[in-house]
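Everything on this sheet refers to the single structure shown next.
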Amino acid sequence: MSEIAKIELDGTIYELPVVVGTENEKAVDISSLRGKSGYITLDRGFKNTGSCESAITFLDGEKGILRYRGYPIEQLAENASFLEVTYLILKGELPTKQELADFEGVIDNHTLVHEDMKRFFEAYPNKAHPMGILASMICSMSTFYPESQDPNRPKEAFELSINRLIAKFPTLAAMVYKNAVRHPFMYPKNDIGYVENFMFMTWGMPTEDYVPDPIISAALNKLLILHADHEQNCSASTVRIVGSSQANLYASISAGISALWGPLHGGANQAVIEMLEMIQNDGGDLDKWIAKAKDKNDSFRLMGFGHRVYKNFDPRATIIKKACDDILEQLGVKDPTLEIAKKLEEVALNDEYFKSRGLYPNVDFYSGIIYKAIGIPTEMFTVMFAMGRLPGWIAQWQEMLDNSEPIGRPRQVYVGATKRDFVPLDKR
Ligand code: CMC
């Protein structure tokens with residue numbers, strides 16, 4: 001028999017259904033509560049609210065588990081290619097060899113962006129943040145493919161929009177980089193892999209042959225997989241809620257990019273490196289910065305620490321920390337910020353403030369050190385995160401549509417002025 005939750009309000013008991021997920025996660029379905037009782041629930045920041053039922057990603061914050069479509073992140077990061085994981089996340093199953101080859105072929109067919117898009121770049125000031133440009137470029141794709149704005153188009157047309165987005169995202173991301181360094185744009189090369197093509201368009205030059213370094217492509221492949229989805233986080237929820245108004249795919253993903261930009265979300269990877277460099281330039285006094293992070297009157301937070309869901313460890317951070325050591329060693333890079341990061345982690349993990357609040361390094365704590373070592377400029381870090389998160393955002397958007405979810409529209413508890421009469425200007 002299915003479980004029922006009971007809630008007593010003003011002396012009346014209301015029965016509410018309990019929903020149980022495949023991993024035994026339990027939720028009280030409160031959607032009928034207001035209709036029955038007049039009450040809504042209040043949950044600032046949605047800390048305890050499930051917004052949907054989803055079959056894409058499972059995570060258990062207490063046990064440090066993360067799985068895409070049932071497959072543990074550790075196994076995927078070790079063995080899969082990013083496009084393989086993209087296929088898995090979008091379609092629910094790992095591709096066969098043929099299915100993967102076909103998918104790669106489709107993506108290769110769409111890597112070129114419209115020539116007119118190049119002209120947009122000329123208008124940005126040279127200090128423009130890459131995330132601002134990226135969000136605009138992705139939204140602009142809807143103007144080049146106006147059919148994407150029709151919510152009633154056939155299924156194949158949706159798939160075409162998705163494939164175009166996956167294919168053109170690295171091209172646009174590389175153009176954002178080239179624009180920042182004022183180097184000529186490189187056209188995509190479609191006989192190399194997805195990651196290698198991004199590297200070619202980023203670091204290749206028209207005047208020389210560029211051969212992607214396999215150490216760097218392997219590192220990028222791993223980082224992209226680790227970022228590929230993370231269930232109902234700030235940007236994924238944004239994508240779902242924007243898409244729930246039937247806004248087109250490109251507009252919805254652009255909104256997700258904007259949400260990711262913030263330093264409490266994906267922008268933390270940039271903020272971490274800036275913090276580590278600041279600590280280093282300040283003389284490296286870790287106790288001072290730990291004390292600042294603990295001081296409630298000080299706005300300083302230890303960036304790359306803490307997570308809404310993970311309270312013991314972030315499995316992505318464990319993989320990245322190890323990868324960081326390996327990659328720096330393979331590339332022969334000595335980065336003093338890595339030493340500071342490790343010492344900072346050690347001090348924080350032994351500090352009662354961080355221990356009692358379940359604050360551990362998250363995915364962004366070490367990722368920036370890898371990006372830096374392989375030559376990605378600091379302001380591009382969050383663009384790399386966005387490229388990794390793309391399949392997750394698309395799958396979340398698609399699932400929301402497939403489930404015919406209603407338009408996202410939370411309620412509120414009004415605490416403003418009660419009714420009062422207008423006072424004409426000359427009487428105020
Ligand atoms: N440094 C110092 N104190 C912290 C930190 C931190 N990084 N994170 C949380 N706390 C404290 C916070 O002050 C609060 O203390 P108290 O209970 O005394 O009021 C307690 O820990 C709980 O924090 P919270 O802000 O209520 O937790 P949240 O779930 O709302 O926020 C977070 C999660 C990730 C926004 C937060 O931990 C944070 O700001 N971390 C730094 C930014 C960061 O690294 N973000 C990347 C997240 S992982 C990448 C991704 O977005 O997917």
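Read the numbers this way: they start at 1 and go in the same order the structure lists the ligands and their atoms. Nothing fancy with the numbering, it's 1 onward along the sequence.
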*State if Ala293 counts as touching ligand 1 under the rule of any non-hydrogen atom under 4.0 Å.*
yes

*Close-contact set for ligand 1 against Ala268 heavy atoms, below 4.0 Å*: 43 (C), 44 (O), 45 (N), 46 (C)

_Check: Thr171 side chain, Thr111 main-chain N or O, donor-acceptor pair, under 3.5 Å_ = yes

*Polar proximity ligand 1 side, Phe305 side, N/O cut 3.5 Å exclusive*: yes

*Would you mind checking which non-hydrogen protein atom is closest to atom 27 (O) of ligand 1, with the distance to 0.1 Å?*
Lys47 NZ, 4.0 Å

_Asp325 and Tyr366 side chains, donor-acceptor separation under 3.5 Å_ = no

_So which atom in Cys234 and which in His265 form the shortest heavy-atom distance, rounded to 0.1 Å?_
CB-CD2, 3.7 Å

*Tyr194 vs Phe82 aromatic rings, parallel, tilted or perpendicular, using cut-offs 30° and 60°?*
tilted

*Contacting atoms of ligand 1, where contact means under 4.0 angstrom from a heavy atom of Gly304*: 43 (C), 44 (O)

*Protein contact to atom 39 (O) of ligand 1 [nearest heavy atom, distance to 0.1 Å]*: Arg301 NH1, 2.7 Å

*asked:* Suppose I only count heavy atoms of Asp364 and a 4.0 Å limit; which atoms of ligand 1 are within that range?
replied: 46 (C), 49 (C)

*Note the single closest protein heavy atom to atom 15 (O) of ligand 1, along with its residue, its atom name and the distance in Å.*
Lys296 NZ, 3.0 Å

*Protein contact of atom 3 (N) of ligand 1 - nearest heavy atom, named by residue and atom, plus distance*: Tyr353 OH, 2.9 Å

*Can you list the ligand 1 atoms lying under 4.0 Å from a non-hydrogen atom of His265?*
46 (C), 50 (C), 51 (O), 52 (O)

*Single hit among Arg389, Arg69, Gln396 for side-chain hydrogen bond (donor to acceptor under 3.5 Å, both in side chains) with Asp229*: Gln396

*Show which atoms of ligand 1 fall inside a sub-4.0 Å distance from at least one heavy-atom site of Arg308.*
28 (P), 29 (O), 30 (O), 33 (C)

*Minimum-distance protein heavy atom relative to atom 1 (N) of ligand 1*: Leu302 N, 3.1 Å

*Could you tell me which non-hydrogen atom of Phe185 sits nearest to which non-hydrogen atom of Asn179, and how far apart they are?*
CE2-N, 4.0 Å

_Considering only residues two or more places apart or on different chains, which pairs with a residue in residues 33-48 satisfy salt bridge (Lys or Arg N to Asp or Glu O under 4.0 Å)?_
none

*For atom 45 (N) of ligand 1, which protein heavy atom lies nearest, and how many Å away is it?*
Leu264 O, 2.9 Å

*Hey, can you tell me if Phe305 and Phe354 have their rings parallel, tilted or perpendicular (30° and 60° cut-offs)?*
perpendicular

*Would you call Lys294 a ligand 1 contact, heavy-atom distance under 4.0 Å?*
no

_Non-hydrogen atoms of Ala341 and Phe365 that approach each other most closely_ = O-CE2, 3.4 Å

_I need the contact type for Arg357 against ligand 1. Using non-hydrogen atoms and a strict under-4.0 Å cut-off, is it side chain, backbone, both or neither?_
side chain

_Candidate with minimal heavy-atom separation from atom 10 (N) of ligand 1, of Asn233, Val363, Asn362, Leu359_ = Leu359

*Return a yes/no value: protein heavy atom under 4.0 Å from atom 8 (N) of ligand 1?*
yes

*What are the two closest non-hydrogen atoms of Leu286 and Lys343, and how far apart are they?*
CD1-CB, 3.4 Å

*asked:* Which heavy atom of Ala128 sits nearest to which heavy atom of Tyr124, and what is that distance?
replied: CB-CB, 4.1 Å

_ligand 1 contact on His230 by region, counting heavy-atom pairs under 4.0 Å_ = neither

*Scan the protein's non-hydrogen atoms and note whether one is under 4.0 Å from atom 42 (C) of ligand 1.*
yes

*Would you call the rings of His230 and His307 parallel, tilted or perpendicular if under 30° counts as parallel and over 60° as perpendicular?*
perpendicular

*Taking only heavy atoms of His307 into account, list the atoms of ligand 1 that are under 4.0 Å away from them.*
34 (C), 37 (O), 48 (S)

*Relative to the ring of Tyr250, is the ring of Tyr145 parallel (under 30°), tilted (30 to 60°) or perpendicular (over 60°)?*
tilted

*Any idea which protein heavy atom is nearest atom 34 (C) of ligand 1, and the distance to it?*
Gly306 O, 3.6 Å

